[in-house]
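Below: the structure, in structure tokens.
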Amino acid sequence: MGFSYDWDRQVKTCDPNYYQFTQQIFALFFEHWYNKQSQKAEPISSLIAHFENHGSDQLHAHGGKIESFTPQEWKAMSALQQHDILNQFRLAFIDETTVNWCEAMGTVLANEEVINGLSERGGYPVVRKKMKQWSLRITAYADRLLSGLNTLQWSDAIKEIQRNWIGKSQGAEIDFVVRGTLKTLKVFTTRPDTIFGATFMVVAPELENLQEFCSEDQWPAVQAYANKAKNRSEIDRMADTTKTGVFTGMEAINPFTGEPIPVWVSDYVLANYGTGVIMAVPAHDERDFAFATTFNLNIIPVIKPTNGELELPLKEAFSAKDGVCFNSGFLDGLSVKEAIAAAIEKVEKAGWGQAKVNYKLREAGFGRQRYWGEPFPIVFDHEGIPQLVNQLPVELPQVESYKPTGNGESPLSAVSQWVNTPHGKRETDTMPGWAGSSWYFLRYTDPQNTQELASKEALSYWQQVDLYVGGSEHATGHLLYSRFWTKFLYDLGYITWDEPFQRLVNQGMIMGEDGQKMSKRWGNVVNPDDVCAQYGADTLRMYEMFLGPLTDSKPWNTHGIEGVSRFFGKFWRLFYEGEQWAVTQEAPTAAELKILHKTIKKVTEDIESMSFNTSVSAFMVATNELGTLKCRKKEVLETLLILMAPFAPHITEELWSQLGNTNSIHIASWPKYDASHLVENSFSYPISINGKTRAQIEFELNASEADIQATVLSHELVVKWMEGKPLKKFILVKGRIINVVV
RNA sequence: GCUCGGGUGGCGGAAUAGGUAGACGCGCAGGACUUAAAAUCCUGUUUUCAGUAAUGAAAGUACGGGUUCGAUUCCCGUCCCGAGCACCA
């Protein structure tokens with residue numbers, strides 16, 4: 001096909017020479033934490049220094065929850081206790097995650113391998129199970145991943161997918177005191193303006209200390225419900241939107257009204273978003289409304305439309321974000337926007353909570369219980385504390401079997417001579433496929449380097465990827481992870497830019513002739529090798545471009561390729577008269593130069609905007625016009641060849657050499673168009689009367705408007721269509737159109 | 001349901017800082033060259049109506065409104081297609 005790949009820069013992520021640096025980057029994640037104050041990753045040593053000097057006080061670290069401690073307490077801790085705390089802040093850390101466990105297969109399955117709670121292969125039951133494994137703290141970068149999108153030339157679709165995935169929402173965390181106890185339930189809400197309408201609370205069934213918020217007599221029912229909910233897969237939950245739940249027997253106090261409201265448990269509240277607890281405002285939230293209706297709970301409207309009244313009783317939740325508060329004490333009369341600000345101010349002043357930003361983005365699971373993957377450069381010492389291995393690469397051992405062990409551990413755990421080292425046991429999970437693919441573009445700059453992932457010189461010469469052409473299926477995977485790794489390596493000073501792919505274009509697919517995706521199943525597969533054998537690579541390339549815009553999916557049409565094939569025939573005959581070479585040295589005429597420079601301009605602009613289909617059309621137009629003029633002049637044809645070289649690399653190279661050139665056309669410099677060849681001094685104006693084209697008159701472009709108007713108004717057709725009515729307005733758009741309004 | 005794209009001839013598609021809608025190609029029809037065919041070249045091809053014809057008129061960029069001298073392009077509403085998300089408080 002004539003792709004100009006530089007095979008000297010080929011990389012293989014599964015080659016130890018490559019993955020030793022994937023392991024090194026993992027080690028860097030492990031040795032860094034995220035400072036929310038400086039907004040960047042910093043070495044773990046600075047965090048340890050902070051603990052030694054200030055304890056947990058004034059900590060601006062992104063991470064998990066810890067009990068507060070003093071410097072003295074920190075120093076008195078055991079290595080294991082210190083590890084547990086540091087683990088809460090390391091950017092590569094051991095996380096408790098929920099996985100899809102298939103007992104029958106003895107393995108963990110990916111979400112897409114689970115269908116309706118059963119394994120895709122075999123149809124065995126799958127349950128959700130907690131498992132400790134490595135994760136990368138991508139949430140530390142959530143804000144930068146979000147704001148960085150604004151600087152990128154990516155399609156709106158992909159940007160939007162990433163924005164949704166990151167899912168930033170602003171609101172407040174508010175504490176509700178549980179009646180008759182000293183305990184509080186912390187909720188996250190984006191609508192604190194509706195708090196006077198909060199008539200009950202709902203906690204997620206997975207909440208760890210669930211029992212604390214249950215009365216003794218309700219606990220058995222709650223426990224039974226929670227156990228059932230735990231084993232429901234996400235897909236099951238999704239499929240079933242009817243509301244289920246159990247009353248916990250407890251009540252909480254709405255801090256704004258002082259009224260007690262019941263606390264329920266239901267699986268429509270997700271444990272891993274927000275605090276896993278919500279204040280339910282049934283009048284203004286569809287889900288809460290459905291729940292309240294199902295269980296006959298109180299519904300109090302507190303927001304009404306800006307211009308109008310609510311229809312009571314409510315038939316559905318009024319969830320619009322423009323409205324006015326009522327039934328809401330000091331918030332009455334305020335708009336939703338004003339009330340949100342006022343409610344947060346009140347919450348903070350009263351010490352009930354604070355403004356809070358939440359993200360849907362979850363930490364990136366980085367462990368796989370599979371053989372094929374980069375081993376972690378980690379050994380767990382005799383205390384079970386993970387220690388980095390300095391000697392890289394840590395290579396995959398040869399094994400007898402790649403199959404799962406059956407107990408959920410990686411196949412590597414069975415290779416005891418590999419697992420056991422003098423310093424402890426190796427981590428036997430391996431890294432996911434996206435580990436190596438998150439930085440390969442950096443490796444392209446310096447693929448043979450054995451000392452570092454790439455030299456500073458190479459990285460600063462090549463910089464980030466100018467243009468990435470790929471499918472949109474990587475939107476929330478590869479493309480997000482690569483941005484994350486790039487920002488991290490930027491923080492550490494490895495690179496001087498913090499976005500990997502400046503411009504991203506999602507190419508469309510060539511569909512079958514029937515408009516469906518090409519598939520053996522539909523019998524509509526067209527093999528490019530066959531097309532190439534029949535028509536040649538240049539014809540195939542150009543036809544694919546000619547089919548339509550790069551970003552669109554479009555059906556293949558076998559007849560259509562004939563048109564491109566014929567075009568090459570015509571193009572060839574500009575150079576040959578029969579078998580006879582026919583190119584001349586004559587100087588081109590003005591008309592020929594105009595054709596050439598028009599084409600240079602069009603193709604140069606089209607390449608910039610990736611409108612290759614219209615470039616092909618421009619080549620056809622130029623070839624047709626030059627053919628009509630019988631132009632065989634070297635000066636014109638040689639330049640046209642250069643323009644076509646990126647589109648049809650083979651035929652252009654051949655004709656280029658036949659023109660007597662000894663170097664390759666693909667290193668020739670790109671022509672510049674000369675505007676002086678394109679100047680027109682007259683234009684054939686379409687004359688509209690009341691917006692309808694009625695005549696065509698040619699005028700010099702520098703003719704005066706008065707002269708033009710006089711000529712137009714006395715023109716036979718214009719007179720006819722004006723039907724004697726008086727002229728209302730005469731519009732002249734120079735070089736475009738004339739409109740006579742009567 | 002929400003978010004983001006998009007609807008133009010028989011087909012793929014062109015043209016949007018508002019200015020001759022349908023470039024280019026496919027297909028189709030007719031013609032030239034040829035003993036014939038292939039190849040090549042030429043002409044026509046949005047729809048409807050009138051006309052033997054040249055030609056003329058009207059409508060037309062999913063549908064209905066609006067702004068404008070002028071709208072495929074801008075605004076409002078509706079329908080349809082595609083992609084993504086999916087109880088995210």
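Below, chain A is the first sequence line, B the second, and so on; all start at residue 1. If you're wondering where the values come from, they're calculated on a predicted model, not measured in any experiment. When reading the values below, keep in mind they use all heavy atoms of this one structure, side chains included, and skip hydrogens, waters and symmetry mates.
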Does A:K168 count as lying over the ring of A:Y359, i.e. NZ or CZ under 6.0 Å from the six-ring centre, within 45 degrees of the axis?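 No, A:K168 does not lie over the aromatic ring of A:Y359.
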
Do A:K243 and A:Y268 form a cation-pi contact, if we require the NZ or CZ to be under 6.0 Å from the six-membered ring centre and within 45 degrees of the ring's axis?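 The answer is yes, since A:K243 meets both limits relative to A:Y268.
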
Quote, to the nearest angstrom, the [atom1] distance that separates [N] from [M].
N     : M     : atom1 : value
B:U46 : B:C33 : C1'   : 33 Å
B:U73 : B:A14 : C1'   : 14 Å
B:C41 : B:U34 : C1'   : 13 Å
B:A89 : B:U8  : P     : 37 Å
B:A23 : B:U78 : P     : 35 Å
B:C4  : B:U61 : P     : 26 Å
B:A58 : B:G7  : C1'   : 25 Å
B:U48 : B:A37 : P     : 33 Å

I want to verify a distance call: between [options], whose nearest atom is closest to the [X] side chain?
X      : options             : answer
A:D267 : B:A89, B:C87, B:U20 : B:C87
A:P686 : B:A89, B:A23, B:U20 : B:U20
A:H559 : B:C69, B:A21, B:G27 : B:G27
A:N739 : B:A23, B:A89, B:G70 : B:G70
A:K554 : B:A57, B:G13, B:A89 : B:G13
A:R573 : B:A89, B:A14, B:U40 : B:U40
A:K570 : B:C69, B:A89, B:C41 : B:C41
A:N557 : B:G19, B:C26, B:C87 : B:C26

Now, which nucleotide makes the Watson-Crick or G-U wobble pair with [N], with each of the two distances under 3.5 Å?
N     : result
B:G60 : none
B:G18 : none
B:U68 : none
B:A89 : none
B:U55 : B:A50
B:G10 : B:C26
B:U73 : none
B:G5  : B:C81

[X] with [Y]: basic N within carboxylate O range, under 4.0 Å:
X      : Y      : result
A:K720 : A:E716 : no
A:D552 : A:K554 : no
A:E625 : A:K598 : yes
A:E577 : A:R632 : yes

Find the distance [X]:[atom1] to [N]:[atom2] and express it as a whole number of Å.
X      : N     : atom1 : atom2 : value
A:W165 : B:C2  : CH2   : C1'   : 17 Å
A:I158 : B:C4  : CD1   : P     : 16 Å
A:Y268 : B:G1  : OH    : C1'   : 17 Å
A:I737 : B:U20 : CD1   : P     : 5 Å
A:W556 : B:G25 : CH2   : P     : 18 Å
A:M620 : B:C26 : CE    : P     : 7 Å
A:M509 : B:G12 : CE    : C1'   : 17 Å
A:E705 : B:C69 : CD    : C1'   : 13 Å

Kindly say if [X] contacts the phosphate of [N], meaning a side-chain N or O under 4.0 Å from OP1 or OP2.
X      : N     : result
A:K692 : B:A59 : yes
A:R566 : B:C26 : yes
A:T614 : B:G13 : no
A:N613 : B:A14 : yes
A:R694 : B:A58 : yes

5' priority, RNA chain B, between A:G563 and A:W721 [closest heavy atom]: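 Looking at RNA chain B, the more 5' nearest nucleotide goes with A:G563.
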
On RNA chain B, more 5' by nearest nucleotide between A:K729 and A:R191 is A:K729

Remember a base hit wins even if backbone is also touched, and classify [X] as base, sugar-phosphate or nothing at under 4.0 Å, heavy atoms.
X      : value
A:N358 : nothing
A:Q696 : base
A:S155 : nothing
A:S688 : nothing
A:V621 : sugar-phosphate
A:I161 : sugar-phosphate
A:D285 : nothing

Once you round to the nearest 0.5 Å, how far does OH of A:Y481 lie from CH2 of A:W434?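 Those atoms lie 5.0 Å apart.
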
To the nearest 0.5 Å, tell me how far A:I687 CD1 sits from A:F699 CZ. 5.5 Å

For B:G9, decide between syn and anti, treating a glycosidic angle within 90° of 0 as syn.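 This nucleotide is in syn.
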
Can you confirm if the aromatic rings of A:F176 and A:W352 lie within a centre distance of less than 6.0 Å?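 Not close enough - the centres of the two rings lie 6.0 Å or further apart.
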
Ring centers of A:F200, A:W264 separated by less than 6.0 Å: no

With no angle test and no hydrogens, is the base of B:C85 tied to the side chain of A:N164 by a donor-acceptor pair under 3.5 Å?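 Answer no: no donor N or O sits under 3.5 Å from an acceptor.
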
Confirm from the modelled atom types if A:K728 and B:C69 form a donor-acceptor pair under 3.5 Å, side chain to base only.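 Between B:C69 and A:K728, which were checked side chain against base, a qualifying N/O pair under 3.5 Å is absent.
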
